Amino acid sequence: MNKRWRPQEKEKEIYQFWEKNGYFTPKIDPEKKPFTILLPPPNANDPLHIGHAMYVVEDILCRWHRMRGEPTLFLPGTDHAGIETQYVFEKKLQQKGQSRFDFDRQTLYQMIHDYVEQCRGIATDQMRQLGFSLDWSREKYTLDPELLKIVFVTFKKLHQDGLVYRANRIVNYCPHCGTAFSELEVNHIERQDFLYYLDYGPIQIATTRPETIFADVAVAVNPKDDRYQNLVGQQATIPLVNKKIPIIADELVTIDFGTGALKITPAHDQTDFEIGQKHRLPSPSVISPEGKMINVPKAYQGLTVAQAQEAVVADLEKAGKLVKKEPITHSVGICYRCKNTIEPLLMPQWFIKIKPLAQKAIQAVKTGRVKIVPKRFEKLYFNWMNQIRDWNISRQIVWGPRIPAWYCLECHPQTRLEFIDAQGHQVQGRYQELKKNYSFEEIKAGLQTLTAPTEAHYFIEPPKQCPRCGSNRLLQETDTFDTWFSSGQWPFTTLGYPDSPDFRYFYPTSVLDTMWDILFFWVARMIMLGLYVTGEVPFRVAHMHARVVDEKGKKMSKSKGNVINPIDLVEKYGADALRMALIYGVAPASDVALGEKKVEAMRNFANKVWNAARFIILNLKSQNAKVKTTVKKLKLKKEDQEILKALRKTVKTVNRQLEKYRFGQALETIYQFFWHQFCDQYLEAVKGRREEALPTLLEVLITSLKLLHPFAPFVTEAIYQELKQHLPHSPWLEAPALIIAPWPQARGEQD
RNA sequence: GGCCGCUUAGCUCAGUUGGCUAGAGCGUCCGGCUUACAUCCGGGAGGUCAGAGGUUCGAGUCCUCUAGCGGCCACCA
């Protein structure tokens with residue numbers, strides 16, 4: 001044995017030993033209750049970042065349960081990560097001076113596909129390096145055909161149940177990313193802007209968005225506002241264009257904000273849209289999805305929103321309609337991905353009526369069918385679920401499963417199309433015009449996007465020809481599913497819903513572990529969709545692990561330059577060291593301050609364990625001892641009894657802490673016992689009577705190895721195998737490998 | 001505006017049915033290359049557990065308030 005534990009030399013070999021022997025692949029045994037964890041799929045195109053190293057929590061749970069004899073499935077997979085991946089890919093295009101608009105969607109999809117395939121193996125190799133006991137024989141990918149099939153079935157079911165609809169709604173549109181988002185993907189920042197007071201004839205309004213005045217359809221005041229009672233029913237005038245619009249009353253208007261009069265712009269503001277609906281007002285748009293002004297006086301046509309604002313304000317001032325402007329700090333939505341301002345736009349999108357699903361998902365947590373650990377996150381969950389809004393599941397990107405809906409172009413000639421023609425030029429327009437110059441086949445081959453009229457009929461199964469008009473000129477929706485729509489079904493798609501043996505045996509899964517930042521994005525959606533599709537919760541426990549921050553407690557980010565690459569740490573200190581550093585002394589769902597010093601300390605602990613084992617093994621050799629008995633049958637000295645008692649106490653404590661998901665304390669317990677009680681005290685005390693103490697030394701060592709194995713699988717397995725060489729038939733070493741050795745149970749020790 | 005979390009040794013943090021003479025790692029000081037390990041061993045210094053009040057035989061741990069920090073949610077134009 002080496003004087004030091006050398007992870008670099010042994011870890012890979014040990015991992016292969018486990019994998020080769022099939023220890024990661026559970027045997028379905030109807031007599032036994034399984035333990036199942038699905039790996040939250042990392043993005044297929046990215047190498048792992050330090051946050052992914054927190055998968056160690058799941059690996060600890062799996063290794064622990066596996067050693068308890070439960071058929072344990074830890075299922076790996078990766079996510080196509082729609083917007084994230086396309087965003088990264090578009091940046092690469094940009095570097096080459098290209099953009100997504102240069103390609104038809106098929107070509108673009110293929111390019112992204114190829115790019116992802118190049119990267120796909122990286123993350124999985126890294127997970128091996130970290131020692132995760134994943135069953136690679138079952139590895140999944142969100143774009144696997146058999147998974148997609150289930151996703152589409154879910155969509156059909158939602159459709160049949162009337163829970164899917166396509167409608168013109170205000171959506172959070174990012175002009176830069178070129179897609180709408182759900183409200184979860186919008187971040188809000190405080191921003192300094194101006195509040196402009198404008199003269200609308202008989203009334204003044206205040207707005208931060210003077211560039212949208214051309215889309216105003218009314219001015220609203222609060223019905224309780226005494227100042228304006230007499231004006232309701234009369235007309236206001238939009239300056240610059242002198243358009244008359246009604247003055248209406250609505251209680252959504254805040255009396256003491258601005259002038260108490262709100263211009264109503266239904267196409268560019270959520271509240272305005274609601275008020276507009278209520279009062280049956282029209283909703284003209286003046287901003288295009290590209291963020292340019294449309295349907296406005298010539299002077300502003302084609303300007304960006306920011307340019308238009310400047311121009312409109314200047315013109316208002318000239319016209320004497322700008323009463324005053326004052327600074328205002330307000331919150332603005334920005335794209336979580338590219339940080340550009342989100343533009344609320346009115347456009348047809350696909351939505352899921354989420355309330356019915358949410359109700360059941362709330363009940364599932366209330367009744368404890370799903371437990372959220374730590375419990376305080378349940379409140380967060382309820383808060384969000386109780387005010388949940390319909391889920392926009394359509395994204396105007398190509399990288400993802402296309403929504404399975406087909407439109408007949410002949411029935412809906414107003415359908416807007418963008419495509420690359422045979423000469424490679426981008427063409428856009430309505431089908432009724434385009435069909436004069438282009439064949440359907442040419443359009444279909446070069447298709448980029450399609451926007452059918454809001455009320456267009458669609459077919460969920462692609463018909464060969466339109467049942468209404470007989471045409472075969474049908475095109476599939478070009479919107480793709482929100483990534484979370486497919487990953488929200490991860491628990492049952494990966495297991496092969498509805499009738500695979502895996503699904504029947506391993507579903508519902510035991511624990512879902514993740515960070516709290518995707519509680520709404522992912523955890524809640526999985527509970528809703530899991531219950532909706534399978535009628536059963538997707539997991540019994542949702543455990544929130546800690547967030548990794550730097551050694552000063554600051555969030556890691558590329559811009560701060562404080563990111564740590566987990567693989568660098570593994571290569572330098574060993575996987576066990578990193579794993580323990582992420583766990584040791586960390587409170588549930590708090591922050592882990594990870595610095596190299598901590599990893600080093602844990603590396604030292606792994607080495608300590610190695611050396612304690614080495615000491616015992618050297619004694620085994622030098623004494624040429626035949627240690628065949630167990631401690632039970634021996635006469636023990638007081639110090640032996642004490643260390644064994646302390647060992648039993650440790651076993652008991654560790655078990656209790658693991659059951660309560662207190663991994664940080666469990667590891668600390670083992671660490672303190674092993675290093676300071678066992679090594680510093682007992683082992684030193686016993687140096688005068690080594691042979692006599694051997695049974696006790698072995699008992700404590702091997703039990704400790706078992707306790708420590710989930711946390712530090714490599715060094716413990718390495719030692720276990722060393723021991724087996726020297727004690728081939730020992731009753732202590734009952735298993736061929738530590739990974740499947742029986743877990744130590746507490747035996748009624750009271751203290 | 002609502003909700004949540006944090007404030008414990010120089011630094012980063014543990015401390016969950018209230019019983020601790022308050023712990024760890026790192027750092028620091030003193031002394032040790034003792035044949036398991038210097039990635040080590042032995043010893044030491046270092047805390048009015050943010051502040052105030054309350055409950056209790058007993059509070060870092062429960063309650064109230066205050067201050068500072070961080071986060072999440074929210075349609076105030």
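Nothing here was measured: the structure is a model prediction, and the numbers come from that model.
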Would you indicate what Arg376(A) reaches in the nucleic acid, counting non-hydrogen atoms under 4.0 angstrom: base, sugar-phosphate, or nothing? sugar-phosphate
More than 12 heavy atoms of other groups within 6.0 Å of Lys224(A) NZ: no
| Glu717(A) and Gln721(A): side chain to side chain donor-acceptor pair (under 3.5 Å), yes or no, with the steps? | CA-CA 6 Å; Glu717(A) 183 72 80; Gln721(A) 296 303 330; 2.8 Å; yes
Whole-angstrom distance between A22(B) and G58(B), as gauged at atom C1'
15 Å
Taken to the nearest whole Å, CG/Leu618(A) to C1'/U35(B) is 9 Å
Determine the Euclidean distance between corresponding C1' atoms of A45(B) and G27(B); express it in Å to zero decimal places.
-> 13 Å
Is there any protein nitrogen or oxygen under 3.5 Å from a nitrogen or oxygen in nucleotides 41-43 of chain B, and what are the pairs?
unit_1, atom_1, unit_2, atom_2, d
C41(B), OP1, Lys608(A), NZ, 3.1
C41(B), OP1, Trp675(A), NE1, 2.4
C41(B), OP1, Asp680(A), OD1, 3.3

Between Ile702(A) and the options Leu738(A), Leu733(A), Leu707(A), the side-chain contact (heavy atoms from CB on, under 4.5 Å) test singles out Leu733(A)
Applying salt bridge (charged side-chain N to carboxylate O under 4.0 Å, His left out) to Glu274(A) and not counting sequence neighbours gives none
Detail all sub-3.5 Å separations between protein N/O atoms and N/O atoms belonging to nucleotides 72-74 of chain B.
unit_1, atom_1, unit_2, atom_2, d
C73(B), O2', Gln387(A), NE2, 3.4

Fill in: Under 3.5 Å: donor-acceptor pair, side chain of Glu571(A), backbone of Gln8(A)
no
> Within a reach of under 6.0 Å around NZ of Lys724(A), are more than 12 heavy atoms found that belong to other residues, nucleotides or ligands?
Replying inline: yes
Original post:
Taking the C1' atom of each, how far is G19(B) from G1(B), in whole Å?
Top reply: 42 Å
Rounded C1' spacing from A38(B) to G60(B) in Å: 37 Å
By salt bridge (charged side-chain N to carboxylate O under 4.0 Å, His left out), Glu190(A) pairs with (sequence neighbours left out) none
query = Taking atom P in both G70(B) and U12(B), what distance in whole Å separates the two?
reply = 14 Å
Encoded 5' to 3' (Watson-Crick or G-U under 3.5 Å; [ ] crossing; | other strand), RNA chain B becomes (((((((..((((.....[...)))).(((((.......))))).....(((((..]....))))))))))))....
#### Entry: Whole-angstrom distance between C75(B) and A52(B), as gauged at atom C1'
40 Å
**Request:** Kindly check if the number of other-residue, nucleotide or ligand heavy atoms within 6.0 Å of NZ (Lys339(A)) is above 12?
**Result:** yes
Query - Residue pair Met1(A) / Glu722(A), side-chain heavy-atom distance below 4.5 Å - result: yes
* Asked: Are Leu345(A) and Ile170(A) close enough, and set up right, to give a side chain to side chain contact (heavy atoms under 4.5 Å, CB included), and what steps lead you there?
  -> CA-CA 5 Å; Leu345(A) 294 182; Ile170(A) 292 285; over 6 Å; no
Which of Phe714(A), Trp610(A), Tyr573(A) passes ring-ring contact (aromatic ring centres under 6.0 Å, His included) with Trp5(A)? Answer is Trp610(A)
By nearest-heavy-atom nucleotide on RNA chain B, the more 5' of Gln270(A) and Arg603(A) is Arg603(A)
Polar side chain donor-acceptor pair, Thr696(A) to Glu699(A), under 3.5 angstrom: no
Q. How far, in whole Å, is U61(B) from U8(B) if one measures between their C1' atoms?
A. 12 Å
NA contact type, Tyr671(A), heavy-atom cut-off 4.0 Å: base, sugar-phosphate, or nothing?
sugar-phosphate
(message) Looking at Arg209(A) and Glu343(A), is any side-chain nitrogen of the basic one under 4.0 Å from a carboxylate oxygen of the acidic one?
(response) yes
Whole-Å distance, Leu620(A) CG to A36(B) C1', equals 13 Å
Check your understanding: When all nucleic acid strands are considered with a 4.0 Å heavy-atom cut-off, which category describes Ala206(A): base, sugar-phosphate, or nothing?
Key -> base
Identify the pairs formed between an N or O of the protein and an N or O of nucleotides 6-17 of chain B at a distance under 3.5 Å, and give each distance.
unit_1, atom_1, unit_2, atom_2, d
C13(B), O2', Gly585(A), O, 3.1
A14(B), OP1, Ser590(A), OG, 3.0
U16(B), O2', Arg662(A), NH2, 3.4

Roughly how many Å apart are C13(B) and G54(B), using the P atom of each and rounding to a whole number? 32 Å
> Which part of the nucleic acid, if any, lies within contact of Ile616(A), taking any heavy atom under 4.0 Å across all strands shown: a base, the sugar-phosphate backbone alone, or nothing?
Replying inline: nothing
Phe257(A) and His330(A) aromatic centres sub-6.0 Å
no
Asp390(A) with Lys353(A): basic N within carboxylate O range, under 4.0 Å: no
**Prompt:** Which part of the nucleic acid, if any, lies within reach of Arg614(A) when heavy atoms closer than 4.0 Å are counted: base, sugar-phosphate only, or nothing?
**Reply:** sugar-phosphate
Just to be sure I understand the rule, does Thr208(A) reach a base, reach only the sugar-phosphate, or reach nothing, if contact means heavy atoms closer than 4.0 Å?
sugar-phosphate
